[in-house]
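Atom set for the values below is all heavy atoms of this structure, side chains included, hydrogens, waters and symmetry mates excluded. Keep in mind that what you see is a predicted model, and the values were worked out from it rather than measured. Sequence lines set the chain letters: A, B, ... in the order given, protein chains first and strands last, and positions in each chain run from 1.
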Amino acid sequence: MPELPEVETVKNTLAEKITGLSIDAVDILMPKIIRTPSPEEFCRRLAGQTVLALDRRGKYLLVRLSGGLTLVIHLRMTGRLVYTTATALPARYTHVLFHLSNGDQLRFSDMRQFGRISLVENDALPLFPGLKDLGPEPLSANFTREYLQRELRRRRTRLKPLLLDQTFIAGLGNIYADEALHRARLHPQRPASTLSPREAAALYRAIREVLTEGIAGRGTTFRDYVDGTGRRGGFQEKLRVYGRAGQPCRQCGKPVERIRISGRSAYFCPGCQKQ
DNA sequence: AAGAAGTCCTGGGCGC
DNA sequence: TGCGCCCAGGACTTCT
């Protein structure tokens with residue numbers, strides 16, 4: 001599941017390949033993947049534009065183009081964006097093909113068809129649904145210990161759903177949220193407003209640490225994730241709780257537990273993360 | 001207004 | 001062995 005470290009890795013690997021190239025043409029094999037504008041307008045407006053740079057905001061990949069346009073791409077669960085030669089055999093579930101000016105291709109594939117691609121004018125980006133309400137970037141200077149502490153105090157919800165709330169903090173998903181809580185030794189059910197300043201500081205440190213290490217590990221391939229060149233991540237080897245129900249905690253040896261919190265699974269160690 | 005639940009989607013794991 | 005049920009989950013919409 002592409003979360004912040006995975007999207008950052010896709011961004012970095014693709015930037016190397018496609019920056020400076022232009023998009024000659026686009027084939028849309030599954031129209032619903034294009035959120036906006038219409039598929040026809042999407043192809044027409046994209047043709048001839050040059051890739052200026054790649055950025056990331058939360059789990060959104062932003063492809064900055066000439067003509068004052070930005071491609072906004074969300075991979076959701078199983079989406080992949082991979083640079084290939086034109087002759088490479090198309091992966092299963094390939095839904096959109098971008099023909100590049102050097103003869104190679106950028107291909108979007110997605111088994112579960114949850115991912116979405118939009119073409120947005122730069123002026124409209126700050127208002128774009130999904131982007132406009134995103135919380136702070138956890139690795140930027142905007143995300144401070146004070147912000148986290150202040151926001152935790154005024155929320156009545158539990159820690160796990162709060163970390164998944166993209167308007168609270170951008171980029172965390174189920175994997176890194178569980179890993180951050182384990183590192184901070186905090187129970188996922190803990191009401192956010194009950195954290196002491198010391199615990200809030202531990203959570204702040206854990207979030208930044210786990211995301212930084214995730215990026216250094218080139219992301220987590222739990223199932224489907226690959227980077228912009230088709231390579232798997234390496235951080236799955238370093239996971240302490242996510243997907244490890246029944247296996248011993250790497251810190252204390254107690255078996256990792258899996259519970260459901262507001263419809264989502266949460267992995268935690270009952271020894272390290274007391275209620 | 002905030003929080004919870006429903007929706008989309010398909011491969012894989014499990015039970016019988 | 002094989003069928004069918006159910007689960008995984010990010011963001012958006014709908015409900016309470």
Does [X] put a side-chain nitrogen or oxygen below 4.0 Å from OP1 or OP2 of [N]?
| X | N | result |
| --- | --- | --- |
| Lys59(A) | dA11(C) | yes |
| Tyr242(A) | dG9(C) | yes |
| His74(A) | dG10(C) | no |
| Gln113(A) | dT10(B) | yes |
| Arg92(A) | dG11(B) | yes |
| Tyr93(A) | dG11(B) | yes |
| Arg158(A) | dA4(B) | yes |

Nearest whole Å is fine: how far is [N] [atom2] from [X] [atom1]?
| X | N | atom1 | atom2 | result |
| --- | --- | --- | --- | --- |
| Arg116(A) | dT7(B) | CZ | P | 17 Å |
| Leu163(A) | dA11(C) | CG | P | 14 Å |
| Arg260(A) | dA5(B) | CZ | P | 11 Å |
| Tyr225(A) | dG11(B) | OH | P | 22 Å |
| Phe114(A) | dC7(C) | CZ | P | 15 Å |
| Asn174(A) | dC7(C) | CG | P | 15 Å |
| Phe128(A) | dA11(C) | CZ | C1' | 12 Å |
| Tyr267(A) | dA8(C) | OH | P | 7 Å |

Exercise. Taking the nucleotide of DNA chain B with the closest heavy atom to each, which residue, Lys32(A) or Gly263(A), is nearer the 5' end?
Worked result: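 Looking at DNA chain B, the more 5' nearest nucleotide goes with Gly263(A).
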For this session: Tell me which of Arg223(A) and Thr157(A) sits closer to the 5' end of DNA chain B, going by the nucleotide each one is nearest to.
Result: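 The residue whose closest nucleotide sits nearer the 5' end is Thr157(A).
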Counting any heavy atom closer than 4.0 Å, what does [X] reach on the DNA or RNA strands: base, sugar-phosphate only, or nothing?
| X | value |
| --- | --- |
| Thr78(A) | nothing |
| Phe222(A) | nothing |
| Arg156(A) | sugar-phosphate |
| Arg35(A) | sugar-phosphate |
| Met77(A) | base |

Exercise. Is the Tyr176(A) to Tyr242(A) ring centre distance short of 6.0 Å?
Worked result: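 No.
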Pair [X] + [Y], salt bridge at N-O below 4.0 Å:
| X | Y | value |
| --- | --- | --- |
| Asp55(A) | Lys11(A) | no |
| Arg57(A) | Glu137(A) | yes |
| Arg190(A) | Glu199(A) | yes |

Exercise. So which of Val63(A), Thr70(A), Leu65(A) actually passes side chain to side chain contact (heavy atoms under 4.5 Å, CB included) with Leu119(A)?
Worked result: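 Passing option: Leu65(A).
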For this session: Identify which nucleotide among dG11(B), dA8(C), dA11(C) has an atom closest to any side-chain atom of Tyr60(A), counting heavy atoms from C-beta outward.
Result: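 Selected nucleotide: dA11(C).
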For this session: Tell me which nucleotide among dG10(C), dA4(B), dT10(B) gets nearest to the side chain of Leu164(A).
Result: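 The nucleotide sitting nearest to the side chain is dG10(C).
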For this session: State whether the distance check finds a donor on one side and an acceptor on the other, under 3.5 Å, for side chain Arg112(A) versus base dA8(C).
Result: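 A donor-acceptor contact between them is present.
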For this session: Give a yes or no on whether Glu41(A) atom CD has more than 12 heavy-atom contacts from other residues, nucleotides or ligands under 6.0 Å away.
Result: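 It does: Glu41(A) CD has more than 12 such atoms within range.
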